[in-house]
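Heads up: the structure comes next, in structure tokens.
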Amino acid sequence: MIDNATLKMQFLFSLRKAGVLDKQVLDAMEKVDRKNFVNGVFSEKAYDDTPLPIACGQTISQPTVVGLMTQALQVTARDKVLEVGTGSGYQATILSLLARRVYTVERHSLLVNNANKVFQKLNISNVTTILSDGGFGLEQQAPFDRIIVTAASDDPPASLLSQLKIGGIMVIPVGQSDNMQKLIKITKTDGGYEYQDLHAVRFVPLVAGTEKEQ
Ligand code: SAH
């Protein structure tokens with residue numbers, strides 16, 4: 001059997017190989033043990049570079065995708081970050097090590113509760129989890145320096161664009177079909193928005209409303 005240290009080394013190697021080279025992102029991902037965010041039955045696979053099922057039919061993203069998105073977001077220690085799609089809380093935890101404050105919005109109350117338990121266990125105090133439809137952003141805390149969306153939509157939601165500061169960055173998967181999603185990076189400027197295509201990706205869809213409303 002392969003020991004934990006070797007698994008972790010392979011985990012970091014796969015991140016570098018995929019193009020995650022930012023030292024701060026790599027350090028944060030080394031510190032955050034993905035085992036805390038996956039179901040017991042999948043814990044053996046926690047360091048594999050693969051998405052894994054979590055509650056409510058959702059998934060914890062593939063580590064290399066988390067790494068590439070976090071790197072593209074260029075988070076600084078002064079930043080207030082909004083994440084749409086808390087899921088397991090893994091991405092939010094990595095962001096919590098890089099940013100000043102993280103607000104993470106999720107539409108399933110069970111996932112909100114589970115994530116809050118992990119944040120408590122890990123003593124993370126700069127993440128706030130909110131049960132709501134993240135397609136509308138989080139008006140009461142806007143504007144944000146950075147916005148990361150971890151569920152796919154056809155186009156970047158207008159509310160999210162408007163809640164980004166000038167100079168702010170948003171990373172979001174867009175596209176309809178499973179095979180045709182791409183990750184894009186949007187920078188808000190004085191004059192409008194700059195768009196940059198990053199990678200092909202595959203995310204669960206951004207769904208309107210919270211689960212109770214359906
Ligand atoms: N970032 C997560 C993975 C997210 S999976 C992690 O690190 O584990 C995508 C998540 O987005 C799912 O949990 C899904 O329920 C949530 N989601 C989808 N549509 C949403 C919406 N409109 N508002 C908030 N969350 C949404």
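The model shown is predicted, which means the values in this text are computed figures rather than measured ones. Numbers here are sequence positions counted from 1.
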(request) Inspect the surroundings of NZ in Lys182 and state if more than 12 heavy atoms from other residues, nucleotides or ligands are less than 6.0 Å away. (result) no
(message) Quick check against the 3.5 Å criterion: does Arg107 have a side-chain atom that pairs as donor or acceptor with the backbone of Gly134?
(response) no
(request) Nearest 0.5 Å please: distance from the CD atom of Gln91 over to the CD1 atom of Ile148. (result) 3.5 Å
(message) Do Pro157 and Leu206 make a side-chain contact, defined as non-hydrogen atoms from C-beta onward lying under 4.5 Å apart?
(response) yes
(request) May I have the step-by-step check of side chain to side chain contact (heavy atoms under 4.5 Å, CB included) for Thr128 and Arg101, ending in yes or no? (result) CA-CA 8 Å; Thr128 307; Arg101 198 95 196 57; 3.0 Å; yes
(request) Would you please name every residue forming a salt bridge (charged side-chain N to carboxylate O under 4.0 Å, His left out) with Lys117, sequence neighbours left out? (result) none
(message) If you count heavy atoms of other groups shown closer than 6.0 angstrom to CD of Gln10, is the number above 12?
(response) yes
(message) So does Phe42 get a backbone contact from the side chain of Asn39, meaning a donor-acceptor N/O pair under 3.5 Å?
(response) no
(message) Per the salt bridge (Lys or Arg N to Asp or Glu O under 4.0 Å) rule, what does the pair list look like for residues 9-28, sequence neighbours excluded?
(response) Lys23-Asp27
(request) Can you measure from OG1 (Thr86) to CG (Leu131) and round to the nearest 0.5 angstrom? (result) 9.0 Å
(request) State, to 0.1 Å, how close Gln24 and Leu98 come at their nearest heavy-atom pair, and which atoms those are. (result) O-CD2, 3.7 Å
(message) With a 4.5 Å cut-off on side-chain heavy atoms, are Asn36 and Leu122 touching?
(response) yes
(message) Can a donor-acceptor pair be found, under 3.5 Å and without considering hydrogens, that links the side chain of Asn126 to the backbone of Ser96?
(response) yes
(message) Between Thr150 and Gly85 (side chain of the first, backbone of the second, donor and acceptor by atom type, cut-off under 3.5 Å), is there such a pair?
(response) yes
(request) Indicate yes or no: at least one non-hydrogen side-chain atom of Leu12 is less than 4.5 angstrom from one of Leu15. (result) yes
(message) Using side-chain heavy atoms (C-beta onward) and a distance below 4.5 Å, is Val38 in contact with Tyr90?
(response) no
(message) Using the rule that Ile, Leu, Val, Met, Phe, Trp and Tyr join whenever any side-chain heavy atoms are under 4.5 Å apart, tell me whether Phe144 and Phe136 fall into a single cluster.
(response) no
(message) Counting neighbours of CZ on Phe13 that are heavy atoms of other residues, nucleotides or ligands and sit closer than 6.0 Å, is the number greater than 12?
(response) no
(request) Decide whether Tyr195 and Leu198 are clustered together by the hydrophobic rule: side chain heavy atoms of Ile, Leu, Val, Met, Phe, Trp, Tyr closer than 4.5 Å, transitively. (result) no
(request) Measure from the side-chain N and O atoms of Lys185 to the backbone N and O of Ile169, and report whether any donor-acceptor pair falls under 3.5 Å. (result) no
(message) Minimum heavy-atom separation for Leu160 and Gly135, please, with both atom names.
(response) CG-O, 4.3 Å
(request) Look up atom CG in Leu164 and atom OG1 in Thr187, then write down how far apart they are to the nearest 0.5 Å. (result) 8.5 Å
(request) Check Val207 against Asp133 and note the closest heavy-atom contact, atom names and distance. (result) O-OD1, 4.1 Å
(request) Look only at the side chain of Glu211 and the backbone of Ser109, and say whether a donor-acceptor pair between them is shorter than 3.5 Å. (result) yes
(message) Quick check for you: to the nearest 0.5 Å, what is the distance between Thr93 atom OG1 and Lys31 atom NZ?
(response) 13.0 Å
(request) Determine, using the 4.5 Å side-chain heavy-atom cutoff (strictly less than), whether Leu111 and Val41 are members of one ILVMFWY cluster. (result) yes
(request) Mind listing the closest non-hydrogen atom pair of Tyr193 and Leu161 along with its distance? (result) OH-O, 3.4 Å
(request) Using the rule that two of Ile, Leu, Val, Met, Phe, Trp, Tyr join whenever any of their side-chain heavy atoms come within less than 4.5 Å, decide whether Val65 and Val25 are in one cluster. (result) yes
(request) Search all heavy atoms of Ile186 against all heavy atoms of Pro156 and return the closest pair with its distance. (result) CD1-CG, 3.6 Å
(message) Could you check whether any side-chain N or O of Ser153 sits under 3.5 Å from a backbone N or O of Asp155, counting only pairs where one atom can act as donor and the other as acceptor?
(response) yes
(message) Within a 6.0 Å radius of atom CD on Gln120, are there more than 12 heavy atoms belonging to other residues, nucleotides or ligands?
(response) no
(message) Determine whether a donor-acceptor pair (N or O, by modelled atom type, separation under 3.5 Å) exists between the side chain of Arg34 and the backbone of Tyr47.
(response) no
(message) I'd like to check Met29 versus Phe11 (side-chain heavy atoms, cut-off strictly below 4.5 Å). Are they in contact?
(response) yes
(request) Measure the CG-OG1 distance between Leu68 and Thr64 for me, rounded to the nearest 0.5 Å. (result) 6.0 Å
(message) Return the CD1 to NE2 distance between Ile54 and His108, rounded to the nearest 0.5 Å.
(response) 9.0 Å
(message) Please check this pair: side chain of Gln62 against backbone of Val201, looking for a donor-acceptor N/O pair closer than 3.5 Å.
(response) no
(request) Spell out, yes or no, whether Met170 and Leu183 are grouped together once hydrophobic residues are joined by side-chain heavy atoms under 4.5 Å, including indirect joins. (result) no
(request) For residues Phe203 and Val149, determine if any side-chain heavy atom of one lies less than 4.5 Å from a side-chain heavy atom of the other. (result) no
Considering only distance and modelled atom types, tabulate donor-acceptor pairs under 3.5 Å from the side chains of residues 76-83, sequence neighbours left out.
from, atom 1, to, atom 2, distance (Å)
Thr76, OG1, Arg78, N, 3.4
Thr76, OG1, Asp79, OD1, 3.1
Thr76, OG1, Asp79, OD2, 3.4
Asp79, OD2, Thr76, N, 2.8
Lys80, NZ, Gln141, O, 2.5
Glu83, OE1, Thr104, OG1, 2.7

(request) Please check if atom NZ in Lys8 has more than 12 non-hydrogen atoms from other residues, nucleotides or ligands closer than 6.0 Å. (result) yes
(request) Search all heavy atoms of Ala92 against all heavy atoms of Val127 and return the closest pair with its distance. (result) O-CG2, 4.0 Å
